[in-house]
Amino acid sequence: MSEKLRVGILGATGMVGQRFITLLSEHPWYEICVLAASSRSAGKTYEEAVGGKWKMDTPMPEKVKNMVVRNIDEVDSIAADVDFVFSAVNMSKEEIRAIEDLYAKSETPVVSNNSAHRWTPDVPMVIPEINCEHFEIIEAQKKRLGTKRGFIAVKPNCSIQSYIACLAAWKEFEPTKVSVCTYQAISGAGKTFADWPEMVGNIIPYIGGEEEKSELEPLKVLGHIEGGEIVRAEAPLISAQCIRVPVLNGHTAAVSVSFAKKPTKEELIDRLVNFSGKPQELKLPHAPKQFVQYLEEDNRPQVLADVDFEGGMGVSIGRLREDTIFDYKFVGLSHNTLRGAAGGAVECAEMLTALGYIAAK
């Protein structure tokens, strides 16, 4: 790519916005040109707006410290200065849908980390290794919006990332029923232990909306395009429980699964370690070389040992064994703010760029 594409980050001051900044500050294809947030932050330098709430392990990149934060509502002005935007805004779902629609209608593609548009029928919800063909629905969406280049694409919830790759890799064996319990890190709520001290040594057996997302979103990812919309898959039937645990980064899932065509353990492992997709073929900048690793040790995957596999963009699976009620059970682990959030969105943007949906204005 001869010249970098100009990118804006909506919701740049929050934890996911900060993660976008760390991923994009040295990106080979993209240049951060606009940081936008609410009116409370607008007009301040980014360093002033974030204050002491920088939550990343790495320092704030020098190049963004003195950038003046723009008001997210100044759609036309921001749209004139960017080729596309990432969305990580903290608003109600109605407000998010409205602001993302406005940016799309300004002929600015929106790659969103938010959940507001995940069930809009013509908005693709994509994990590029699994269902990048769903981006084809963008043409139908543009007709609805009345745009030539503006559209919205989203990534799915972070809670499904540690097991949906397995369901996709095992598609030939026709998974029918899945029981999953996710143990979710506090960064999934935009928190650290410094600002959520009551989570130290604690477990909360409820995360609002997560169980519904964990049960339904995989079906859209595994679905197909029909009649100008994405139709969700009919199987597998998924039952989920989602628990907040005292871990900073990394969502772990304990999963049991039944199949219509029962495979061997060796077949399941083979499909996992050889599972790859278009991102690996195209060698996208944030695509992991190995999408899924299988760990033979009984005490793996572990957050401390495995959450950063492939720079946090890979998925770690272990403890695959036969189950007394279902056919098999296993444990999965994924990095919730990298593969599950900002990193997954950046990989979506890279795929959209490679496919020609995102280009210079």
Side-chain angles (χ1 to χ4, degrees), residues 14-16 19 55 88 90 92-93 113-116 118-119 125 127 155-167 175-221 236-258 295 298-307 312 315-321 323-342 344:
M15 178 176 271
V16 176
R19 180 66 79 182
K55 299 181 179 182
N90 183 17
S92 70
K93 287 191 178 182
N113 186 74
N114 298 302
S115 64
R118 286 182 190 157
W119 287 104
M125 180 169 67
I127 297 173
K155 50 148 292 296
N157 191 263
C158 56
S159 64
I160 75 173
Q161 307 283 337
S162 51
Y163 60 92
I164 190 173
C166 299
L167 302 181
T176 57
K177 294 181 181 179
V178 174
S179 177
V180 57
C181 186
T182 56
Y183 303 89
Q184 299 186 203
I186 63 173
S187 58
K191 303 287 188 179
T192 65
F193 287 111
D195 47 33
W196 203 1
E198 60 267 36
M199 273 306 301
V200 177
N202 192 22
I203 285 176
I204 299 176
Y206 173 73
I207 307 172
E210 286 293 295
E211 290 171 358
E212 295 83 358
K213 294 173 186 176
S214 296
E215 292 172 350
L216 295 176
E217 288 190 15
L219 301 181
K220 183 172 181 178
V221 174
L237 181 65
I238 302 173
S239 175
Q241 294 191 90
C242 299
I243 299 172
R244 189 73 71 193
V245 295
V247 168
L248 180 59
N249 293 310
H251 287 356
T252 299
V255 188
S256 297
V257 57
S258 290
L295 301 162
D298 287 337
N299 63 348
R300 304 279 289 278
Q302 293 183 23
V303 169
L304 292 181
D306 303 307
V307 75
V315 177
S316 299
I317 304 297
R319 301 211 65 216
L320 179 66
R321 62 227 191 266
D323 185 68
T324 55
I325 298 175
F326 294 78
D327 289 328
Y328 288 93
K329 53 190 172 185
F330 65 92
V331 175
L333 172 68
S334 60
H335 197 302
N336 55 292
T337 69
L338 287 168
R339 165 54 67 177

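Computed over heavy atoms, backbone and side chain alike; hydrogens, waters and symmetry mates excluded.
Taken to the nearest 0.5 Å, the CG atom of N157 stands 7.5 Å off from the OG atom of S115. In this structure, the separation between NZ on K177 and OG on S256 is 12.5 Å, given to the nearest 0.5 Å. The distance from the CD1 atom of I204 to the CE atom of M199 is 5.0 Å, given to the nearest 0.5 Å. To the nearest 0.5 Å, the span separating CZ on F193 from CD on E198 amounts to 11.0 Å. One finds the CD1 atom of I164 at 10.0 Å from the OG atom of S214 (value rounded to the nearest 0.5 Å). The CG atom of L219 sits 6.0 Å away from atom CG of L216, with the distance rounded to the nearest 0.5 Å.
Minimum interatomic distance between I325 and D323 (heavy atoms only, all atoms of both residues): N-OD2, 3.0 Å. The heavy-atom pair separating S159 from Q184 by the smallest distance is CB-OE1, 3.2 Å. Nearest approach of Y163 to A253, heavy atoms of both residues: CD2-CB, 4.0 Å. The minimum heavy-atom distance between K191 and M15, with the atom names listed, is O-CE, 3.6 Å. Heavy atoms only, all atoms of each residue included: L338 and G312 are closest at CB-O, 3.5 Å.
A heavy-atom distance below 4.5 Å is not found between the side chains of H251 and Q161. P218 has its side chain within reach of I238: a pair of non-hydrogen atoms, C-beta onward, lies under 4.5 Å apart. Considering only heavy atoms from C-beta on, E217 comes within 4.5 Å of M125 through its side chain. Between I127 and K155, every side-chain heavy-atom pair lies at or beyond the 4.5 Å cut-off. Looking at heavy atoms from C-beta onward, V257 lies out of side-chain contact with P236 at the 4.5 angstrom threshold. For the pair S162 and T252, the minimum side-chain heavy-atom distance is 4.5 Å or more. Contact of the T182 side chain with the E210 side chain is not registered, since no non-hydrogen atoms from C-beta on lie closer than 4.5 Å. Proximity of I186 to L248: side-chain heavy atoms (C-beta onward) are separated by under 4.5 Å at one or more points.
Judged by distance alone, with hydrogens and angles left aside, the side-chain atoms of K55 form a donor-acceptor pair with the main-chain N or O of G190 at under 3.5 Å. Listed for the R321 side chain is no donor-acceptor partner under 3.5 Å among the backbone atoms of Y328. A distance-only check finds a donor-acceptor pair linking the side chain of E211 to the backbone of C242 [under 3.5 Å]. Listed for the H335 side chain is no donor-acceptor partner under 3.5 Å among the backbone atoms of G340. Proximity of a side-chain donor or acceptor of R244 to a complementary backbone N or O of A185 within less than 3.5 Å is detected. A donor-acceptor contact shorter than 3.5 Å links the side chain of T176 to the backbone of S258.
Counting heavy atoms of neighbouring residues, nucleotides and ligands inside a 6.0 Å radius, atom CG of N299 exceeds 12 of them. Residue-environment remark: CD (Q241) stays at or below the threshold of 12 foreign heavy atoms within 6.0 Å.
The side-chain hydrogen bond (donor to acceptor under 3.5 Å, both in side chains) search around S187 returns N249, N336, not counting sequence neighbours.
No side-chain N or O of S334 forms a donor-acceptor pair with one of R339 less than 3.5 Å apart.
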